[in-house]
K.L.:
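Would you mind keeping the following structure in view while I ask a few things?
Bear in mind that the values here come from a model prediction, so they are computed numbers and not experimental data.
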Amino acid sequence: MAGRFVRASKYRHVFGKSTRREFCYDNLHISRNAWDTNLIKANPEYLSVNWESGGGGAFAVVPLNERGKLPDQIPLFRGHTATVLDTDWNPFNDRIISSASDDGKVFIWQVPEDFTLYTDAEEVPSVAPVSRLAGHSRKVGQVLFNPAAESILASASGDLTIKLWDITTGQAALSLKHADIVQSLSWSANGALLVTTSRDKKLRVWDVRQQTPAHEYPGHEGAKNSRAVWLGEHNRIATTGFSRMSERQLALWEPGRKDPIGGFNSLDSISGICMPFWDDGSNCLYLAGKGDGNIRYFEYENDKFEFLSEYKSADPQRGVAFLPRRGINVHENEVMRGFKTINDSYIEPISFTVPRRAETFQSDIFPPAIGLKPAFSAKDWLDGKTGVPPKIDLESIYEGNAPVEVPADYKPFVVAPAPAPVAAPAPKKESSEPAPVAYRAPPTVTDQKASISSMANKYQDNEESSDDDGDDAETSSFEEVARPTPRTSAPVRSVPKAASPVAASTPTFTKPPSPVKPPQASPPISRATPAATPPSSSSAEVPLLKEIKELLEHQNKIIGAQSDKISAQSDIISVLAAEVETLKKRVGPGSQEQSERIRQLELELEEARS
């Protein structure tokens, strides 16, 4: 019985739409470095790409509105002396970006105003960094901005440390020491906690400002890399990794609990790493496989990941990035937009939309999103403040106005959906129980009697109601229905023409019932009047018989003519058949075309005969 019911969800029909290549970002040289990062990052204005270049590391910044085949020579962001391994955009300033490199440096860059890839200069200029953060002794593999505090950046290095930078001062305020190389990191929504996965197969949740791990658990047991992502404002963490049998796994964690909720769930046995991405607006988790072309998405509900659907593609991806929610297209009911690298030469946008026919703003699938205003400054965060940044109402963006801020403590899936499913079914169950009792009883007894009596009153004559004294209501209604004398007024008029036979015939029909029921003499007289009409109808049947004879004669003539035509057609068919036989004799066996023609003529003859 459980399989018959479908789980209700607003995002159950979300599907991914690919983009034709002429509308992709083509002619790119994406880095082929084997370090495990996403290779690309996106914000509502730009797309950063780790670039394959010689003579030092570089990355490119592509404006999202410049699609198609890009120029062969574009301005690159140069400054590193080794390969760029990772980049990350400032969540509160779309023109600020950080980069991590194999040279052990972290650089801060600012995209020039009116930046474009198309230039008329003979030598394409490069962009220089605005700040250099030095402190790591080995390569820096990941960089990630704090989602709540302004100008706080985390960088993970091969020297087994994570440094927390204030990019305005260029100083590393905090440092987190690990036992092995960090493979991934993710911030909580309020920027107070940081979750990391490392090569020692441990999952750690850090109280960053205390510089100590608050929780530490054994993670995925596989030898390949694992990833972790914080589920936004939920106190949950999702991890992807491998089992000892090299099966890809997905797990859900609660900080403070040693084992994952529901255990480690196997996905498949593909060898590529799963890159997790969380959408806090729709409560959906997207898993993009590195090396395959599929992107699965799940909905988080009741401490479970409910599988929604899967975007399938034959083109494998090495890098994937998703747009912040404030940059999606609400006019097209787009809930997420991703970017995937294909063949290390171009990037394809993928739009995940909810199919709806309404052309108005869909507030149920577009809760407020985090805007460009941080919750507090870097100094306040270092002093111990926590909080979620203020959000913007996406309906204001839909209408083309300036973003409108809403309170920072707004919880989209706690306020709206919680009362709806609880309050709605309660009255329905109460009303459904008494409804059938009150509905089935009245029509079977009272309503039918009332309808019968009302119909009888409509067609009841006033004269009969006064004459019938002791009769029931049912007898009067039957007399009214079985009384057709006023409708047969035309044959009654023929009575005076044949008065003598009627008078002679009437006593023979009225005498037998009179001795049986003497008090009811008046009703049989009134009912005998239609019995006297048959002798008068015999005189009216004479012209009708003449008309019937004429019709029969006319039909006989038509039938004779048709039989003559049929006989003529049969003669023609016999002649054609004889000609076909003579042709067969003359031609002999003949060629295949002739035999087919003869067979076609025979089929036509059979159709004509039928």
Side-chain angles (χ1 to χ4, degrees), residues 86 88 90-92 98 100 106 133-138 140-219 226-239 251-261 278 280 370 374-389 408-409:
D86 194 20
D88 192 46
N90 190 328
F92 309 112
S98 63
V106 177
L133 308 178
H136 289 292
S137 59
R138 301 190 67 178
V140 182
Q142 294 91 9
V143 285
L144 189 64
F145 275 99
N146 190 299
E150 185 179 12
S151 304
I152 295 294
L153 177 69
S155 62
S157 171
D159 58 7
L160 311 184
T161 62
I162 294 179
K163 292 188 180 297
L164 283 304
W165 305 86
D166 182 356
I167 63 173
T168 57
T169 62
Q171 300 297 323
L174 303 170
S175 180
L176 311 177
K177 295 182 180 181
H178 282 70
D180 210 332
I181 294 177
V182 176
Q183 295 174 339
S184 69
L185 65 160
S186 179
W187 288 97
S188 62
N190 59 8
L193 300 176
L194 184 71
V195 60
T196 62
T197 60
S198 59
R199 193 175 291 177
D200 61 357
K201 304 176 185 179
K202 293 291 183 67
L203 179 72
R204 295 178 175 88
V205 178
W206 294 82
D207 187 350
V208 180
R209 285 165 291 199
Q210 299 297 326
Q211 304 185 50
T212 56
H215 309 285
E216 183 176 340
Y217 326 109
S226 60
R227 297 283 192 96
V229 62
W230 207 288
L231 302 188
E233 299 180 30
H234 300 283
N235 190 29
R236 297 291 185 272
I237 300 166
T239 61
L252 177 66
W253 303 80
E254 180 183 2
R257 181 173 175 174
K258 293 183 179 180
D259 299 324
I261 301 173
W278 172 253
D280 203 24
I370 294 176
F376 30 73
S377 64
K379 184 178 182 302
D380 294 337
W381 180 81
L382 291 172
D383 291 339
K385 282 191 176 181
T386 58
V388 179
D409 57 352

K.L.:
Examine distances only and state if a side-chain atom of T386 and a backbone atom of N190 form a donor-acceptor pair shorter than 3.5 Å.
P.N.:
no
K.L.:
Under the salt bridge (Lys or Arg N to Asp or Glu O under 4.0 Å) definition, can you give me all pairs with a residue in residues 183-201, not counting sequence neighbours?
P.N.:
D200-R204
K.L.:
Does Q183 use its side chain to pair, donor to acceptor, with the backbone of S226 at less than 3.5 Å?
P.N.:
yes
K.L.:
Distance from I152 atom CD1 to K379 atom NZ, nearest 0.5 Å?
P.N.:
12.0 Å
K.L.:
Residues two or more places apart in sequence or in another chain: which of them pass side chain to side chain donor-acceptor pair (under 3.5 Å) with W253?
P.N.:
T239
K.L.:
Compare all side-chain heavy atoms of L164 with those of L176 and state whether any distance is below 4.5 angstrom.
P.N.:
yes
K.L.:
So, for A148 and A189, which heavy atoms are closest and what is the spacing to 0.1 Å?
P.N.:
CB-O, 3.8 Å
K.L.:
Quick check: do F92 and P389 have side-chain heavy atoms less than 4.5 Å from each other?
P.N.:
yes
K.L.:
Measuring from I181:CD1 to Q142:CD, what's the distance to the nearest 0.5 Å?
P.N.:
10.0 Å
K.L.:
To the nearest 0.5 Å, tell me how far S155 OG sits from D86 CG.
P.N.:
10.5 Å
K.L.:
Could you list all the salt bridge (Lys or Arg N to Asp or Glu O under 4.0 Å) pairs where at least one residue sits in residues 150-174, not counting sequence neighbours?
P.N.:
none
K.L.:
Taking only residues two or more places apart in sequence or in another chain, which ones pass salt bridge (charged side-chain N to carboxylate O under 4.0 Å, His left out) with K258?
P.N.:
none
K.L.:
Enumerate the ring-ring contact (aromatic ring centres under 6.0 Å, His included) contacts for residues 165-209, please, sequence neighbours excluded, ordered by first and then second residue.
P.N.:
H178-W206
K.L.:
Is the backbone of S98 close enough, under 3.5 Å, to the side chain of D88 for a donor and an acceptor to pair up by distance?
P.N.:
no
K.L.:
Restricting to ring pair (Phe, Tyr, Trp, His ring centres under 6.0 Å), what partner residues turn up for W230, sequence neighbours left out?
P.N.:
none
K.L.:
Can you tell me how far the CG atom of L193 sits from the CD atom of Q210, to the nearest 0.5 Å?
P.N.:
11.0 Å
K.L.:
In Å, rounded to the nearest 0.5 Å, how long is the span from CD1 of I237 to CG of L252?
P.N.:
9.0 Å
K.L.:
Indicate the atoms forming the closest heavy-atom contact of G170 with L133, along with that distance.
P.N.:
CA-CD2, 3.5 Å
K.L.:
Taking only residues two or more places apart in sequence or in another chain, which ones pass side chain to side chain donor-acceptor pair (under 3.5 Å) with S175?
P.N.:
none
K.L.:
Return the set of residues passing salt bridge (charged side-chain N to carboxylate O under 4.0 Å, His left out) with E254 (not counting sequence neighbours), or none when no residue passes.
P.N.:
R236
K.L.:
Would you check if the side chain of Y217 reaches a backbone N or O of G256 as a donor-acceptor pair within less than 3.5 Å?
P.N.:
yes
K.L.:
Taking the side chain as every heavy atom from C-beta outward, state whether L174 and L382 have any pair of such atoms under 4.5 Å apart.
P.N.:
yes
K.L.:
Suppose we screen for side chain to side chain donor-acceptor pair (under 3.5 Å). Which residues come up paired with W278, at least two apart in sequence or across chains?
P.N.:
D280
K.L.:
For K177, what residues pass the side chain to side chain donor-acceptor pair (under 3.5 Å) criterion, not counting sequence neighbours?
P.N.:
none
K.L.:
For K202, what residues pass the salt bridge (charged side-chain N to carboxylate O under 4.0 Å, His left out) criterion, not counting sequence neighbours?
P.N.:
E216
K.L.:
If you compare all heavy atoms of L160 against all heavy atoms of A179, which two are closest, and at what distance to 0.1 Å?
P.N.:
CD1-O, 4.0 Å
K.L.:
To the closest 0.5 Å, what do you measure between CG (N146) and OG (S188)?
P.N.:
8.0 Å
K.L.:
Would you check if the side chain of S186 reaches a backbone N or O of V195 as a donor-acceptor pair within less than 3.5 Å?
P.N.:
no
K.L.:
Between S377 and A149, what is the shortest heavy-atom contact and its length?
P.N.:
O-CB, 4.4 Å
K.L.:
What residues form a side chain to side chain contact (heavy atoms under 4.5 Å, CB included) with Q171, not counting sequence neighbours?
P.N.:
T169
K.L.:
Just by modelled atom types, is the K385 backbone N or O under 3.5 Å from a matching donor or acceptor in the R209 side chain?
P.N.:
yes
K.L.:
If you take all heavy atoms of G191 and W381, which pair is closest and at what distance?
P.N.:
O-NE1, 2.8 Å
